[in-house]
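Here's the structure we're looking at; comments come further down.
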2 protein chains.
Amino acid sequence: MEQPPVIEMLPSQTLAKGLRILNAFSPTRTSWGIRELARELDMNPATVARLVTTLAGAGFLERDPETQRYALGPAVIKLANLYMHHNPLPHYARKVFESYSDRFDYNFYLGTLNGYQVVYLAVLDGRGRIKVMVEPGGSTGLHSTALGKILLAYQSDSFINAFINSRLFRAYTETTITDPETLWAQIHEIRRTGYAVNHGEHFHDIGAVAAPVFNRRQEVVAGVSLAYPRNLIPNLQVNVDNLIPLVREIADNISMYVQGDARSHQP
Amino acid sequence: MEQPPVIEMLPSQTLAKGLRILNAFSPTRTSWGIRELARELDMNPATVARLVTTLAGAGFLERDPETQRYALGPAVIKLANLYMHHNPLPHYARKVFESYSDRFDYNFYLGTLNGYQVVYLAVLDGRGRIKVMVEPGGSTGLHSTALGKILLAYQSDSFINAFINSRLFRAYTETTITDPETLWAQIHEIRRTGYAVNHGEHFHDIGAVAAPVFNRRQEVVAGVSLAYPRNLIPNLQVNVDNLIPLVREIADNISMYVQGDARSHQP
DNA sequence: TAAGGGTGTTTCAAAAAGTGAAACAGCGTT
DNA sequence: AACGCTGTTTCACTTTTTGAAACACCCTTA
C-alpha cells in the first residue's frame, strides 16, 4: 500500500489520481503501460485506463500506437514555457549569477521545492572546470544536495518527517545521509547558521554550498547553491568557508529582487 | 456556454476539468483568481476552488498568499524536462538543423500539434538576420503559420471544422486567414502539394515554408518550417520556390530518423 | 459610516461520476 | 494448445462531485 506523495487530503480525489499518474514519470521511467502503472500506483487498471485516456486527450500524455504505452505529451512543455516566463525568480537569478560568473569557477544553481524534490529553475556555469550537472527542470533529492537541505530545513517538522518516511529518502552515493538522526542534526545546524553544505552526497566528485532566498514574508521560496569539483580542492574546509559568504551574498541579492518587486513582471 | 477545447467525450470528467484549468493559462493570462477562472471556464466557483486546491497541492499551481491568485507551479517544468529528454524528435531535429544552419540565413522550427495550437519543440536560427520568433514551448495558431497549416492539413476534416469553430481561429495580422473558404482552399492545396507557405500572416514581416514529418505509419507527427524576413526578399515568389525543396529535404531527413529508430533512445 | 461589489470559502442534500471484480479479446512466448 | 501477459468493457454499487445559497472578508465608493 502506497500513500500519495506530499499530500494529506486533497478535495478532488479523481484529479489527484490523474496528477499522480503524471508524477509517476521520471528519468528512469519515461513510458508506462496501463497495468504497469496501476500496479505502481496501487490503482485499478480500469481506473488508470480512464484517467490516462483523459490525460492523452488533453495532450498531457501521448500514446504510442505500436506499443500501446504512454509517455508525456506536448501540453507539458507549453505550460513549462509559460511558467518560466511568468515566474520572475529565474530571471532575477540569471541576472545575479551573471554578475558573479566571470569571477568564480563554480556552477550556480537556483532551485525550488516541488513535492519531495528540488527542481532547478536556473543554472549557470562559472568559468567552468566542471560542467553543469543539472539543467532547468531537473530534480534531485532533498537530503543529498546542499540546495535540497536548505529547502528541507526551512519546512515544518512534520513535512521533514514525512519526507524521511518517503521512498525518496535513499542513498545516491556512499556518503549520502540515510540516517534520520544525522539528517535532523544537519537540519538543526542549517536552521541555526542559515547555510547548507554537501560533500559529494549526490554526485561523488561534487561539493556545494547553499543559502535560502526569502520573499517579503520571510518565507523561503527558493535556494541558491554553488557547486565545485571536490578533487581540485586539497584543503576542503578552508575553501568551503570562503564560499559561504559568497553564496549568502548571491542569495540575498536575489531575495532583494524578490522582495522589491513581487508581481510587476512582463513576459 | 463554452465547449471543452479539443475533446469530445473524455472518460474522467473531473480530471478533464482540472486539465482545462491548466490549459487556461496563456502568455496573456499568467494568473487567475477562483471566480475569474470559474467565469472563464463556465464552472462553479466552488468546483474551481476544489480543483485548484488539488492542483496546487501537487505543485502544478502556486498560490500567491498576498493576492490569493494562482499561477503555474514548478511541477510543470519537471515534466517538460522529462518530455524533452525522452522524446527523440527534438534531438533529431537539432541534429538535422545544425547540418543546414551554417549554409542558410533562415530560422529553423520543429513543431507538433497540441490541441488547436502548434507547440514548438526545437528552434535554431541560421546565420540569422532575424531573431528566432518563437522558443521551445511557445505556441501559435494553426491557420496563421506555415507549420500550423501543415499540421492542420493532415488532420481529419472534422478536426479542421472544429478548429474553425473554435475561438483560436482569429486574426493575428491584417493578412491572417479568417475566412473558412480560403483556409479550406489552402488545406486542399497543401494536401495536394505536401508543403505550406505563410506570407506574414502571424508576424507581419516574416514569411515561412513548412513540410511534414512522418512516422513509420505515415502519420504526421510534427512539422518543420523555415522562416525568412519578408522585407529583405524583393522578388518573393522566386525565393519561396527555392525554399520548398530545402524544407522538404530537412523534413524528410528528420522523418528518416523517426522511422529508423522509434523507441531506442537514451536520455 | 454604510452600502455595494468584488473576493474566496463552507454547507449539505441531490445528482452524477467514479469505481472495480470479473469477463473478454488479443498477442506473444512457452 | 496452454499460459501469461496485455488493454478494454460491463454494470451494479458506492463514492465523489456538484452547486445554489449563505457566509465572511476586503476594498472602493457614496
### Task
Output yes when at least one side-chain N/O atom of B/K17 is less than 4.0 Å from OP1 or OP2 of D/dT17, else no.
no
### Query
Quick one: do B/R69 and B/E62 make a salt bridge, cutoff under 4.0 Å?
no
#### Entry: 5' to 3' contact window, DNA chain C with chain B (heavy-atom distance under 4.0 Å)
C/dT7 to C/dG18
### Task
With DNA chain D as reference, determine whether A/G33 or B/R50 sits nearer its 5' end, using the nearest nucleotide of each.
A/G33
### Task
For B/I34 and D/dC25, give me the distance from atom CD1 to atom P, rounded to whole Å.
18 Å
### Atom pair distance, as rounded to whole Å: CG in B/D42 and P in D/dA20
10 Å
### Task
By nearest nucleotide on DNA chain C, pick out whichever of B/N44 and B/E36 is the more 5' one.
B/E36
### Task
Using only side-chain N and O atoms of A/R39, determine if any of them is under 4.0 Å from OP1 or OP2 of D/dT6.
yes
### Task
Could you tell me how the ring of B/Y172 sits relative to the ring of B/H202: parallel (under 30°), tilted (30 to 60°) or perpendicular (over 60°)?
tilted
### Task
Remember a base hit wins even if backbone is also touched, and classify B/R69 as base, sugar-phosphate or nothing at under 4.0 Å, heavy atoms.
nothing
### Check against side-chain hydrogen bond (donor to acceptor under 3.5 Å, both in side chains), B/T30 and A/Y83
CA-CA 8 Å; B/T30 59; A/Y83 175 81; over 6 Å; no
### Query
Salt bridge between B/E36 and B/R29, side-chain N to carboxylate O under 4.0 Å?
yes
### Task
Give the rounded distance in Å between these two atoms: CD of B/Q13 and P of D/dT18.
9 Å
### Summary
Comparing nearest nucleotides in DNA chain D, the 5'-proximal residue of the pair B/T14, A/A46 is A/A46
### Query
Over how many whole Å does the gap from A/D64 atom CG to D/dT6 atom C1' extend?
14 Å
### Message
Between B/E40 and B/R167 (salt bridge meaning N to carboxylate O under 4.0 Å), is one present in this structure?
### Response
yes
### Message
Working note: A/Y120 + A/T140, criterion side-chain hydrogen bond (donor to acceptor under 3.5 Å, both in side chains); need CA distance, chi angles, decisive distance, verdict.
### Response
CA-CA 9 Å; A/Y120 293 83; A/T140 57; 3.0 Å; yes
### Query
What integer distance in Å separates A/Q68:CD from D/dC5:P?
17 Å
### Message
Looking at D/dT17, I'd like to know if its phosphate oxygens (OP1 or OP2) sit under 4.0 Å from a side-chain N or O belonging to A/S12.
### Response
yes
### Side chains of B/Y109 and B/T145, donor plus acceptor under 3.5 Å
no
### Length of the CG-C1' vector between A/L61 and D/dG7, whole Å
15 Å
